[in-house]
Amino acid sequence: MGVFSIFPPRASTTAVQVDALYTFLLIVAGIMTALIFFCVFFFAVRYRRKNQDDPAPKAIHGSLPLEIAWSVFPFLIMLVMFAWGAKLYFQNYTPPLHDTFDIYVTGKQWMWKVQYPTGQREINEMHVPTGRPVKLILASEDVIHSFYIPAFRLKHDVVPGSYQTYWFEATEPGRYHILCAEYCGTNHSDMGGWVTVMKPNDFERWLAGDTGGSMREQGEKLFQQYGCVTCHVTDREGRCPSLLNVFGNPVVLDDGRTVVADEAYVRESILNPNAKVVKGYKHDIMPVFQGQISEEGLLQLIVYVKSLSPPAPRSGKSAAPAPKANPK
Amino acid sequence: MTHPVVPIKTYAAVFGALLALTITTVAVSKLELGEFNFVAAMTIAVIKGTLVVMFFMDVRRATSLTKLIVGAGLFWMAILFVFVLSDYASRGWLPGPRWF
Amino acid sequence: MGDSEATLAVHEPGLKHHFDDSAQQFQSSTLGMWVFLVTELMFFGGMFGGYTVYRNMYPDAFASTSHFMNVPIGAINTGVLIFSSFTMVMAVRSAQLGQKKVLIAFLIFTLLLGCLFLTLKYVEYHEKWVDHHIPGPGFQYADTRYFHQAQILFFLYFAMTGMHAIHMIVGVGMLIVLISMAARNRFTQAWYTPVEMIGLYWHFVDIVWIFLFPLLYLIGHTK
Amino acid sequence: MSTYLPFARTEARTNYLNADYGWKSWLFTTDHKRIALLYLFSITAFFFVGGAFAVGMRVNLLTPEGIFAHDTYNKLFTMHGIIMVFFFLVPSIPATLGNFLVPLMIGARDLAFPRINLLSWYLYMIGGAIALTAIVKGGVDTGWTFYAPFSSTYSNTHVILTAIGVFVSGFSSILTGLNFIVTIHTMRAPGMTWGRLPLFVWGHYATSLIQVLGTPVIAITLVLLGLERVLHAGIFDPAVGGDPVLFQHLFWFYSHPAVYIMILPGMAVISEIIPCFSRKALFGYTFVAISSIAIAVLGFLVWGHHLFVAGQSMYASMVFSLLSFLVAIPSAIKVFNWTATMYKGSISYETPMLYAFGFIGLFTIGGLTGLFLATLAIDVHVTDTYFVIAHFHYIMVGGMVMAYLGGIHFWFPKISGRMYPEGWARFAALIVFVGFNLTFFPQFILGYQGMPRRYAHYPPEFQVLNVMSTAGASILAVGYLLPIIYLGWAWRKGPKAPQNPWNAKGLEWEQSPTPPPTYNFETQPVVTEPAYNYSGESEEVGIG
Ligand code: HEA
Ligand code: HEA
Ligand code: CUA
Ligand SMILES: [Cu+2]
């Protein structure tokens, strides 16, 4: 990255798109700035007072057509900015429903802990393949952080108490900065690391390396340890919903709403089970686990719950739209 | 400043109404009405507040500037509520079909 | 509106010399008071906003806490405040009619009712203290499912009623000033603006309570 | 020069400055002009305190490894932000120039509530003293935004003390706003209709609306934050059930509108300077007036653009983004109208006009980069980077501080009764302009390249641009110190000013002596013509 390039390296599909939008904005802003600077300079020179006693010029009180023109035209241009920006924003913050490679990131003063479904764990390092959508599930153990990868033009605050996600598809192998972008205390500026983008083959090799038990296995252990298994898998009395084939599918709640069982839903159901109760089940059966399971443990449990729902048959991009969760 | 004096009767009537509404709201809260408990309680509170504003604070006869100020106050409260709540209400929404 | 008129106007009671006449001065005071009340509204509005967000997030927990609110005291206090608003409005009316004795009597009446409200509030706070319902390290809640969420509600309860109580205390202080001013014959039928302004403030504080009472004490009572 | 009043240069005339002597006559004054001066000196002092912190930050950022410990740096930017926003920029123009000029411009003898005006200065000083105490005791490190749960649970610095300082000064701000609103409504001189109000007054009216409607919300938010810090009951702490995003909503409900508190008065000043030095009525008076009010109202609908990556609902973000573009329109209207005013004018380049040129250019750049931030996908990349820092310094320093300096120069003769040295003043304006751009332009590039804000250390590839920025800041410092010196000199030794040195329009110049007497006017002013009637038209003309 040269100092004199205004763009940082582009290493994802979004980077290209964001840069295109940015270029558009630069051009508009450049033209507008040039126009105004030119007018100010030109008028200042052209109409300078040549003689102290010049009579005051004739007043010009305004012009309605002009006022309308310079309110409406800028606004039309701004609408383009808005729509283009919103489109990309929705795209970046809504991961594809299927076939993503999921990485679980936990922020903590002042480090990033990264876990892979296959069990690898890293601190301040992340490995991702090119050419495949990667979805990040972000959690925080203490304060708000922000997981920022300039080369992908993406960041999201990592808010304690909830999960945030975004996704990207890396394009250029290399090593790029991970930075913490939300002020989080003393060592905020040191809370960074590197993301290594690898060719798919290299990545597979890396992924096959040594692990200390996959996230799924660890999640399964926790599942047994906390006694979840007695209700949610083996139970036949119908006290709790079975968790087989739940993840990623719509769930009907007792208040009639439909939600999709995603990571945030599973997390909430563990920590605060009464918040969303599945239709036909009673409140207050399941214990409240708030404050009892670590953020990393939660993520492992979620991977285990996910594994109880084998991936749907590949349906590609034309997958039926997810059911609307909230009719209003 | 130069408004005619309001008869005591009017004030007494408003006072009576306020007391009656207070009793009503307590009574209604004992009934099982589901979501309507909330609606009823808030409706009664709004009526009571309006009575106080209109009669005791005399906005009824105030200048239009005063009325405008009262309106502005309520409007800005509404801005705070509507925008904050719209975030919470739409957090769970899915992006829906990819409409772009 | 020239200077000469302004000098003449100095004879009007209570007129400050940067105003043209007392009509302008009265207009300014009223406007100032109403603008001030709008700031008060936004001040409480922030808390009501927080309350609404959490009530929607944790409806069950909030309902469960309403069982620990002392509804009889709350209801009586509502009555007390309404009554005090009534006496206040009567005080303004007496000032308007120039009845000094009646004015003082109603102001004292209002003052006493304000103090009664604060005393009852104290009784309630004490109850919460005994029950360990004060948020913070000593907080306890019988229904452990709702421990944290109930704590937030009690936090809001104390913040909102506490702010309200502080406003009541300020109001009581201002009533004392009014009484002493009235006793010193400072008010005339032509000039009693302070009575009217404090009256507006007092009613505003009453209205805040009119909303606090159902929101904190009543809603969810049946659950 | 002026021919309106006979006593334009009588030596012995009593004015507000020499009407009374001794410190008591200042500390207990209720004269809005004296209070304005009290504010002027205290606010300028705070500016230099905040500036000193900025110098510390810029020095630290000379090298990637920094010079100070992390905690020191974190305190530096926090205290810089808090001092600059709450104790300098929010009161800067309204409490000084506004206080001095609003009554003069509308033809009133004082503000409606002179004692409340004095009270508001005391509250400001008490709040400032509390904040300074917090700084002396070790400072705060939360960032000026006080985000929970860091501020409520994790920081172990003087958060509560600082919050109290900001809280108290908030009331000062509310009272100033209240006073202006009432004064403008009830104390206008005969003939001073709403349609003839100088745009300076319109701008301050709009500012006051925001102060009155927004400030209470930050006050209560800080109270809740303080309580949470003591009790840890969880209202903003997710570990015990709260929601940290709620804090951000409440904070920005005030703090976004507050950025318009920090620009509308600057626009108000510019709207006076440009017609005066173009000798021409302002183009589109009605539109400029209405756009002030529009900014004040629409400004309350966009605060969510600070939460685009904070976990706010995407739909809410979308609405806030759209509304952010909408609020840019009234600003655009103003920029275009100022420019159009110069068309076919008779333009001279006195210092205030130079600052006005600077304002238009730098505000435009700052505003246009605001549009970058309002564009959702761009904001995702550049939020919390130096791009944002550059955006708001362009508006707040390049815009508002320039307007402040321009205004001080413009009304310096009125305030002090003396002229400032024009040559030095032009030179200083040039230094400020150059230093400013060198300081903050590189930060746009840094930001897009991905340098996060609030970083004590940074990756080495960003060094070159940071060194440029620090170099610029040193030039800027000189540019700010110069006016202190020559204005201080001019105050005692400068040549006596005539009543209306710029031949400007407006009651404060035309009908009030320089410097004004205690009650502003010697005879009741009467207004008979529209504002900015430089060409001396007899008929009131609407926009065609
Ligand atoms: C005085 C202060 C001030 C002002 C006036 C503004 C004005 C604007 N601001 Fe700024 N802003 C700040 C101070 C200010 N801001 C501060 C302090 C922060 C950071 C806070 C923090 O996090 O610490 C911030 C942050 C900030 C953000 C959040 C960034 C982030 O943290 O991610 C956003 C996002 O939308 C934004 C947008 C805007 C917009 C759209 C305007 C608009 O009002 C600008 C309108 C003006 C123009 C647009 C220029 C003139 C127009 C033309 C010449 C027309 C031509 C235009 C076209 C043809 C397109 N600002
Ligand atoms: C009104 C608002 C205002 C003003 C005027 C300024 C003025 C300046 N700011 Fe400010 N700044 C903010 C508001 C403002 N800032 C805010 C709100 C933040 C965000 C804080 C946060 O993140 O929480 C910020 C953050 C901020 C940062 C980012 C810090 C970070 O995120 O890590 C930087 C970095 O360069 C910076 C620099 C400067 C500089 C160089 C000036 C210069 O213009 C200053 C020029 C003035 C001087 C140079 C003073 C001259 C006087 C002397 C030299 C005498 C010295 C005296 C003694 C030593 C006794 N500011
Ligand atoms: Cu983590 Cu900043
Ligand atoms: Cu903003």
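Any value given below was found using the heavy atoms of this structure, including those in side chains, with hydrogens, waters and symmetry copies removed. So you know, we letter chains A, B, ... as the sequences are listed, proteins then strands, and number each from 1.
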Audit row: D:M314, A:Y89, side-chain contact (heavy atoms from CB on, under 4.5 Å) steps and yes/no: CA-CA 8 Å; D:M314 279 188 273; A:Y89 178 77; 3.8 Å; yes
A:I77/D:F325 under side-chain contact (heavy atoms from CB on, under 4.5 Å): CA gap, chis, key distance, verdict: CA-CA 10 Å; A:I77 302 177; D:F325 287 109; over 6 Å; no
D:F363 vs A:I36, side-chain contact (heavy atoms from CB on, under 4.5 Å): CA-CA, chis, key distance, verdict: CA-CA 11 Å; D:F363 172 74; A:I36 289 180; over 6 Å; no
Working for side-chain contact (heavy atoms from CB on, under 4.5 Å), residues A:I144 and D:F150: CA-CA 7 Å; A:I144 305 178; D:F150 179 74; over 6 Å; no
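When side chains are defined from C-beta on, D:L371 does not count as touching A:M32, because their heavy atoms never get closer than 4.5 Å. A 4.5 Å side-chain heavy-atom check between A:K58 and D:S535 finds every atom pair outside the cut-off. For the pair A:H188/D:H457, no side-chain contact is recorded, criterion being any heavy-atom separation below 4.5 Å from C-beta on. At least one side-chain heavy atom of A:D142 sits less than 4.5 Å from a side-chain heavy atom of D:Y154. D:I365 places a side-chain heavy atom less than 4.5 Å from the side chain of A:F37. Between A:F42 and D:M342 the shortest side-chain heavy-atom distance does not fall below 4.5 Å. Between A:M78 and D:T375, every side-chain heavy-atom pair lies at or beyond the 4.5 Å cut-off. Between A:Y166 and D:V380 there is no side-chain heavy-atom pair separated by less than 4.5 Å.
A 6.0 Å sphere centred on NZ of A:K276 holds more than 12 heavy atoms belonging to other residues, nucleotides or ligands. For A:R46, the CZ atom is loosely surrounded, since the number of other residues' heavy atoms within 6.0 Å does not exceed 12.
Heavy-atom distances place the backbone of D:L282, and not its side chain, under 4.5 Å from chain A. The contact between A:V159 and chain D is made entirely by side chain atoms (from C-beta outward), counting heavy-atom distances below 4.5 Å. Of the atoms belonging to D:F77, it is side-chain heavy atoms, and not backbone ones, that fall under 4.5 Å from chain A. Only the side chain of D:L368 comes within less than 4.5 Å of a heavy atom of chain A; its backbone N, CA, C and O stay farther away. Interface residue A:K155: backbone and side-chain heavy atoms are both found under 4.5 Å from chain D. Residue D:A374: no heavy atom, backbone or side chain, is found under 4.5 Å from chain A. For a residue to count as touching a neighbouring chain, one of its non-hydrogen atoms must lie under 4.5 Å from one of that chain's; by this rule D:S155 does not touch chain A. Both the backbone and the side chain of A:L26 come within less than 4.5 Å of a heavy atom in chain D. Contact of D:T383 with chain A is made through backbone and side chain together, with heavy-atom distances under 4.5 Å. Looking at A:F82, both its backbone and its side chain come within 4.5 Å of chain D, counting heavy atoms on both sides. Interface remark: D:Y73 contributes no atoms to any contact with chain A (heavy atom separation under 4.5 Å). With a 4.5 angstrom heavy-atom cutoff, A:F75 touches chain D via backbone and side-chain atoms both. With a 4.5 angstrom heavy-atom cutoff, D:T369 does not touch chain A via any of its atoms. Neither the backbone nor the side chain of A:S162 comes within contact range of chain D; no heavy atoms are under 4.5 Å apart. For A:Q109, the part lying under 4.5 angstrom from a heavy atom of chain D is the side chain only.
Taking every heavy atom of both residues into account, D:P238 and A:G161 meet most closely at CB-CA, 3.8 Å. Between A:A86 and D:M318, the shortest heavy-atom distance links the atoms CB-CG, 4.2 Å. The two atoms that bring D:Y448 and A:R153 nearest to each other are OH-NE, 3.7 Å, heavy atoms only. Here the closest non-hydrogen pair linking D:F336 and A:P74 is CE1-CG, 4.2 Å. The shortest non-hydrogen separation linking D:A377 to A:L88 is CB-CB, 3.4 Å. Looking at every heavy atom in both residues, D:A281 comes nearest to A:H61 through CB-CE1, 4.3 Å.
Put simply, CG on D:D71 and CG on A:N187 are 7.5 Å apart, with the number rounded to the nearest 0.5 Å. Of the inter-residue distances, the one linking A:R48 atom CZ with D:S346 atom OG reads 11.0 Å to the nearest 0.5 angstrom. For the atom pair CZ (A:F43) and OG (D:S278), the distance works out to 10.5 Å, reported to the nearest 0.5 Å. Interatomic distance, CZ of D:F372 versus CG of A:L25, reported as 5.0 Å (0.5 Å rounding). Expressed to the nearest 0.5 Å, how far OG of A:S189 lies from CZ of D:R453 amounts to 14.0 Å. A distance of 9.0 Å separates CH2 in A:W84 from CD1 in D:I378, rounded to the nearest 0.5 Å.
Formation of a donor-acceptor pair under 3.5 Å by the D:N74 side chain with backbone atoms of A:T186 is found in this model. Within the 3.5 Å criterion, the main-chain N or O of A:A59 finds no donor-acceptor partner in the side chain of D:K280. Side chain of A:Y183 to main chain of D:Y455: no donor-acceptor pair is present (N/O by atom type, distance under 3.5 Å, no hydrogens or angles).
Ranked by heavy-atom pairs under 4.5 Å with chain A, the first of D:S317, D:G143, D:A340 is D:S317. Among A:A15, A:A56, A:S146, A:S140, the residue making the largest number of heavy-atom pairs under 4.5 Å with chain D is A:A56. Interface remark: of the candidates A:K50, A:Q164, A:E182, A:E182 forms the most heavy-atom pairs closer than 4.5 Å to chain D. Among the candidates D:A456, D:P275, D:P452, D:G345, the residue making the largest number of heavy-atom pairs closer than 4.5 Å to chain A is D:G345. Heavy-atom pairs under 4.5 Å with chain A were tallied for D:W338, D:F308, D:Y349; the largest tally goes to D:Y349. Residue with the most contacts toward chain D among A:C180, A:C184, A:G192: A:C180 (heavy-atom pairs, distance under 4.5 Å). Options A:N92, A:V40, A:T14, A:T33 differ in how many heavy-atom pairs under 4.5 Å they form with chain D, and the most are formed by A:V40. Of the listed residues (D:F357, D:Y343, D:Y534), the greatest number of heavy-atom pairs within a distance under 4.5 Å of chain A belongs to D:Y343. Interface remark: of the candidates D:T145, D:D237, D:N337, D:I333, D:N337 forms the most heavy-atom pairs closer than 4.5 Å to chain A.
Partner A:C39 forms a side-chain contact (heavy atoms from CB on, under 4.5 Å) with one of D:V335, D:T339, D:I360 and no other, that one being D:T339. Screening A:Y148, A:Y22, A:F152 against D:H381 for a ring pair (Phe, Tyr, Trp, His ring centres under 6.0 Å) leaves a single residue, A:Y148.
Between A:F90 and D:Y315, the ring centre distance stays below 6.0 Å.
Judged by distance alone, the side chains of D:H70 and A:D190 do bring a donor and an acceptor atom under 3.5 Å apart.
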